[in-house]
Amino acid sequence: MADKKLLLIDGNSVAFRAFYALYRQLESFKNPEGLHTNAIYAFKNMLDVLLKDVKPTHVLVAFDAGKVTFRNKMYDDYKGGRQKTPEELLEQLPYIQEMLHDLGIKTYELKNYEADDIIGTFVNLGEKADFKVTVVTGDRDLTQLTSNKTTVMVTKHGVSDLEAYTPEHMKKINGVTPTEFIDMKALMGDNSDNYPGVTKIGPKTASNLIQKYGSIENLYDHIDDMKKSKRKENLIKDKDKAFLAKKLATIDRNAPVTIGLKDVKCKPVDYKKLRQFYEQMNFRKFLGELNASGEGQDGAEVEKVKYTELDQSNAKKISVKENDTVSFYLGMLGDNYHLADFVGFALKINEQVYVSRDVSLLQENNLKHLLEDAEINKNVFDLKRTTVGLNRIDVHAHGLNYDMLLASYLINNENNSNDVGEVCHLYGDYSVKTDLEVYGKGKSEHVPSDDKVLYSHLASKVVAIEKLKPLLLKKLKEHEQDDLFENIEIPTARVLSTMEISGIKVEASTLIQLQNEFAVRLKELEDKIYQQAGERFNLNSPKQLGHILFDKLGLPPLKKTKTGYSTSVEVLNQLRNQSPIVGEILDYRQIAKIQSTYVKGLLDVIQPDGRVHTRYLQTLTATGRLSSVDPNLQNIPTRTDEGKQIRKAFVPTEKDGYILSCDYSQIELRVLSQISGDEHMQEAFNTGYDIHSHTAMKIFHLDSPKDVTSLMRRRAKTVNFGIVYGISDYGLSKRLNISRKQAKEFIAEYFTQYPQVKDYMDKAVQVARDKGYAETIMHRRRYLPDIHSKNHNVRAFAERTAINSPIQGSAADIIKIAMINMQKKLDELHLKTKMVIQVHDELIFDVPKDELETVKKIVPEVMQSAVKLDVPLVADTGWGHNWYDAK
DNA sequence: CCTCTCACG
DNA sequence: ACGTACGTGAGAGGG
């Protein structure tokens, strides 16, 4: 039988990895009895992944029986000096075994033998019985068991990331076969198991020697042929050690196990015991999964949501009274709600839940009114998605005053999700399945045909939105985020709905003209490049390009990536003067990028109304900025002349109208001057100096702005940006192409001139350490658990983030306020002008001709007065008949 | 599906 | 001794 699959797990090793994967949460993973549960939890998570991927018919989890094994007889100090397993992990091991038994999985240990040997023995048994075998461990030693029938999976980071060792992969990593790997270890020894190999031989040399000789036996047979060398002496001196090490490293494949393959066949899960176990461990997630599947209920009925299906006649009878509690959920299949198919809806009024697949029922007068009346408060999940979706059936939603998605994003944006089910799970409610579970994904994504399945799903969502509302509101209050929620995020979502619905007009004809021009230039460049390369190749493939440049043409490879030569702009720029091909490749790259991403990309997303409708993701970024997708309108080229041409296709709705753009000047530095309270920097902004020249004067000790050269200003500008990002001398030196020493001096000088900026940076890091998060002026949070990391790089990154997030995030808060005020102003003045794009510090408007005078005045006014700071906010305005001319 | 490269603030 | 500025999205290649 070909589908016999044996999964062998190294219990101790995996438990060890599981324990450290959730080490940071060690203290939060405790059951009421005080037992730590992090390793048990992570073990189960990992097991689920394995069972799903491998789909084994037989499973065995092997454990070490005790400290002393047959290997200690050979070598006293085997595994000596090894750190003791932490008590917090030891106490969990029996429970992991108990859980495995409840899951119908066999565990086994054997006196005098390690788990490795049990696994080796079962690999042997399994292969003989024609099983496909998978071994899972955190220990690379076991990779010696790899064969064409056996794959060894080794945990990489945490537990869910596994590296699969096949004989081919072994060869690639170590240069040797699985069997030869044992001989390799014989020469190099094993530090973690505390036995030595041959002096001065590490992995590289060991691999080379074994590749040459095949085994240590053969090596020592030919040792006399070896040239005289220190290495040869060492090999001779340590011969005994090598042979001992080989014995120690060899996994026993014939251990005297007392069980066989038939004993490790998967048994049915004992749901009743498993449920009790999860309850004892306080595993709400796994209990929730049991609830969702209805298993192990022990007679108790799963609490099913009751609902009424709506149709043409009973839908008309629905009405709401004052003070009724209303929640609404609109189901659509897929992310892009501008186009996605409707799945149905659920409406909850007090304790009644109504559902239907037919969204046209919402166009009935009573239901339409219910959704459109601003006086009727409605709870939803994803206000913007709901508003845009309803707009497609001509229902113009108002009164969506509570959005669970926005609330959960503000409370913790670390593991936020756009799925109702997933968000509910974060708050311990497992009554809602995820859309992934119900609809599937990729090719098999579909709406369930069974009404019961679909309606229960939709109904469970509205119920949960409402049920969890008090909890989320409480958390917002605790975080002092109620104002941020009510007065910034919710109104921003409404403004964004309007912007997304209106979209922006993009002229296909302009793009097609560009497409033709670029096609000609690309062809010319291609021809020149191929001619110099002496062959045709795929210019878009970094791999092939690297081969041509560095292997064939012999240019010096300055930088490598994980997979080969780097061919990035940074590298190519340094090679420019070595060959004309380099400059041509750079030109080709630039134009090809514009052609594929922008010209073609935009043409593909122009809708029948002649406009593109992006989606702004309001709950994605870690800092509070928006992001834009389908298409991304926040990265339309501006830095090169060819790229800029794209902006000519973005035009006003009315032929003689204008595109008006208004952007904040140095908003992040102004925010920095505000939150640091630095007097010198504030003074610069208050007197209206050019901030980069001002910084240049300060760090170069000049008396007059006249003495600032353009080079000095440019350098000062880079320093200013660097400060905002949490500068390092190395980073600055690289960007300015100066020595590290000099960069260090610039930074030091900067800090003496702006001392409170330095104080801010130190304080920001300290606050993040104390509180565990960084915060903006408006109390937007970003959690930074890595601030306590033992890894220097990880920690340093968190520290820079702690400095940058309040700055970037506060600027994001400010422009959101400006957008809300701006939309309000446009509405009040009954202007036809539409706000169409936001690019982080810039707002773009579609302005009819006769409104230009008004709009060009009010836009900067509104933006500059969004918040009151100790320094002025400045916004610069430009306009023209397309986006290109609006600068 | 991941990596590389490159577009933006 | 370490490896290095913050935040994003998209297209193309290649396994």
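To find a chain, count down the sequence lines: A is the first, B the second, and so on, and within it residues start at 1.
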Task: Residue A:Arg800, side-chain atoms from C-beta onward, closest of C:dC6, C:dG3, B:dC6 - done: C:dC6
- [ ] Give a yes/no on whether any side-chain N or O of A:Lys543 is located under 4.0 angstrom from OP1 or OP2 of C:dG15.
- [x] yes
Open item on the list: Just N and O in the side chain of A:Ser805: are any of them under 4.0 Å from OP1 or OP2 of C:dC6?
Closed with: no
Open item on the list: Given C:dT8, C:dG11, C:dT4, identify the nucleotide with an atom nearest to the side chain of A:Arg740.
Closed with: C:dT4
- [ ] Please determine if a side-chain N or O atom of A:Arg625 lies less than 4.0 Å away from the OP1 or OP2 oxygen of C:dC6.
- [x] no
TODO: Determine the contact category for A:Asn538: base if any of its heavy atoms lies under 4.0 Å from a base atom, sugar-phosphate if only primed atoms, P, OP1 or OP2 are that close, otherwise nothing.
DONE: sugar-phosphate
Open item on the list: If you go through the side-chain atoms of A:Gln634, does one of them form a donor-acceptor pair with the base of B:dC8 closer than 3.5 Å?
Closed with: no
- [ ] Compute the ring centroids of A:Phe746 and A:Tyr750, then answer whether they are less than 6.0 Å apart.
- [x] no
Open item on the list: Quick check on A:Lys552: does its NZ atom have over 12 non-hydrogen neighbours (other residues, nucleotides or ligands) under 6.0 Å away?
Closed with: yes
Open item on the list: Under 3.5 Å, is there any donor-acceptor pair linking the side chain of A:Asn540 to the base of C:dA12?
Closed with: no
Open item on the list: Given 3.5 Å as the limit, does a donor-acceptor pair link the side chain of A:Ser408 with the main chain of A:Leu405, or not?
Closed with: yes
Task: Nucleotide C:dA5, atom C1' - distance to CD1 of A:Ile747 in whole Å - done: 10 Å
Task: Nearest listed nucleotide, side chain of A:Thr801, among C:dG7, C:dG14, B:dC6 - done: C:dG7
TODO: Assign the ring pair A:Phe550 / A:Tyr565 to parallel, tilted or perpendicular, where the plane angle (0 to 90°) is split at 30° and 60°.
DONE: tilted
Open item on the list: Taking only side-chain N and O atoms of A:Ser627, does any of them lie within less than 4.0 angstrom of OP1 or OP2 on C:dG9?
Closed with: yes
- [ ] Report the nucleotide, chosen from C:dG7, B:dC6, B:dT5, that has the shortest atom-to-atom distance to any side-chain atom of A:Phe797.
- [x] C:dG7
- [ ] Ignoring the backbone of A:Asn804, work out which of B:dC6, C:dT8, C:dC6 is nearest its side chain.
- [x] C:dC6
Task: side-chain hydrogen bond (donor to acceptor under 3.5 Å, both in side chains) partner of A:Tyr337, the single match among A:Glu500, A:Arg615, A:Arg385, A:His613 - done: A:Glu500
Task: For B:dC6, the Watson-Crick or wobble counterpart (both distances under 3.5 Å) - done: C:dG9
- [ ] Would you classify A:Val629 as touching base, sugar-phosphate or nothing, given that sugar-phosphate means primed atoms plus P, OP1 and OP2, and contacts are heavy atoms under 4.0 Å?
- [x] sugar-phosphate
Open item on the list: What's A:Ser728 touching, base or sugar-phosphate or nothing? Going by heavy atoms closer than 4.0 Å.
Closed with: base
Open item on the list: By nearest atom, which of the nucleotides C:dG14, C:dG7, C:dT4 is closest to the A:Tyr730 side chain?
Closed with: C:dT4
TODO: Just call it for A:Gln590: base, sugar-phosphate, or nothing, with non-hydrogen atoms closer than 4.0 Å on any strand.
DONE: sugar-phosphate
Open item on the list: Under 4.0 Å, heavy atoms only, any strand: does A:Ile803 hit a base, just the sugar-phosphate, or nothing?
Closed with: nothing
TODO: Report yes or no: does A:Gln544 contribute a side-chain atom to a donor-acceptor pair with the main-chain N or O of A:Asn538 at less than 3.5 Å?
DONE: yes
TODO: Send over the distance from A:Glu668 CD to B:dC8 C1', rounded to a whole Å.
DONE: 13 Å
Open item on the list: Can you tell me which nucleotide in C:dA12, C:dC6, C:dG13 comes closest to the side chain of A:Gln808?
Closed with: C:dC6
TODO: Verify the contact: side-chain N or O of A:Ser566 to OP1 or OP2 of B:dC4, cut-off strictly under 4.0 Å; return yes or no.
DONE: no
- [ ] Report the distance from atom CG of A:Leu572 to atom C1' of B:dC6, rounded to the nearest whole Å.
- [x] 12 Å
TODO: Calculate the interatomic distance between A:Ile591 atom CD1 and C:dA12 atom P; express it in whole Å.
DONE: 16 Å
Open item on the list: Under 4.0 Å, heavy atoms only, any strand: does A:Ile636 hit a base, just the sugar-phosphate, or nothing?
Closed with: sugar-phosphate
Task: Most 5' of A:His840 and A:Asn793 on DNA chain C, judged by nearest nucleotide - done: A:Asn793
TODO: Please state how far atom CZ in A:Arg639 lies from atom P in B:dC6, giving the value in whole angstrom units.
DONE: 13 Å
- [ ] Choose from B:dA7, C:dG9, C:dG3 the nucleotide whose nearest atom is closest to any side-chain atom of A:Leu617.
- [x] C:dG9
Task: Pairwise P distance for C:dG3 and B:dC6, with rounding to whole Å - done: 24 Å
TODO: Answer with yes or no whether A:Arg735 presents, from its side chain, a donor or acceptor under 3.5 Å of a partner atom in the base of C:dT4.
DONE: no
- [ ] Would you please indicate if the ring centroids of A:Tyr884 and A:Phe650 are separated by under 6.0 Å?
- [x] no
- [ ] Quick one: label A:Asp663 by what it contacts on the DNA or RNA (base, sugar-phosphate, nothing), any heavy atom closer than 4.0 Å.
- [x] nothing
Open item on the list: Keeping A:Ser665 on the side-chain end and A:Val874 on the backbone end, is there a donor-acceptor pair under 3.5 Å?
Closed with: no
- [ ] Can you tell me, in whole Å, how much space there is between the P of C:dT4 and that of B:dT3?
- [x] 16 Å
Open item on the list: Using a 4.0 Å heavy-atom cut-off, does A:Thr614 contact any base of the nucleic acid, only the sugar-phosphate backbone, or nothing at all?
Closed with: nothing
TODO: Provide the distance between the two P atoms, one in B:dC4 and one in C:dA5, to the nearest whole Å.
DONE: 16 Å
Open item on the list: Once you apply a heavy-atom cut-off of 4.0 Å, does A:Ala812 come out as touching a base, just sugar-phosphate, or nothing?
Closed with: nothing
Open item on the list: Over all strands shown, is A:Asn635 touching base, sugar-phosphate only, or nothing at heavy-atom distances under 4.0 angstrom?
Closed with: base
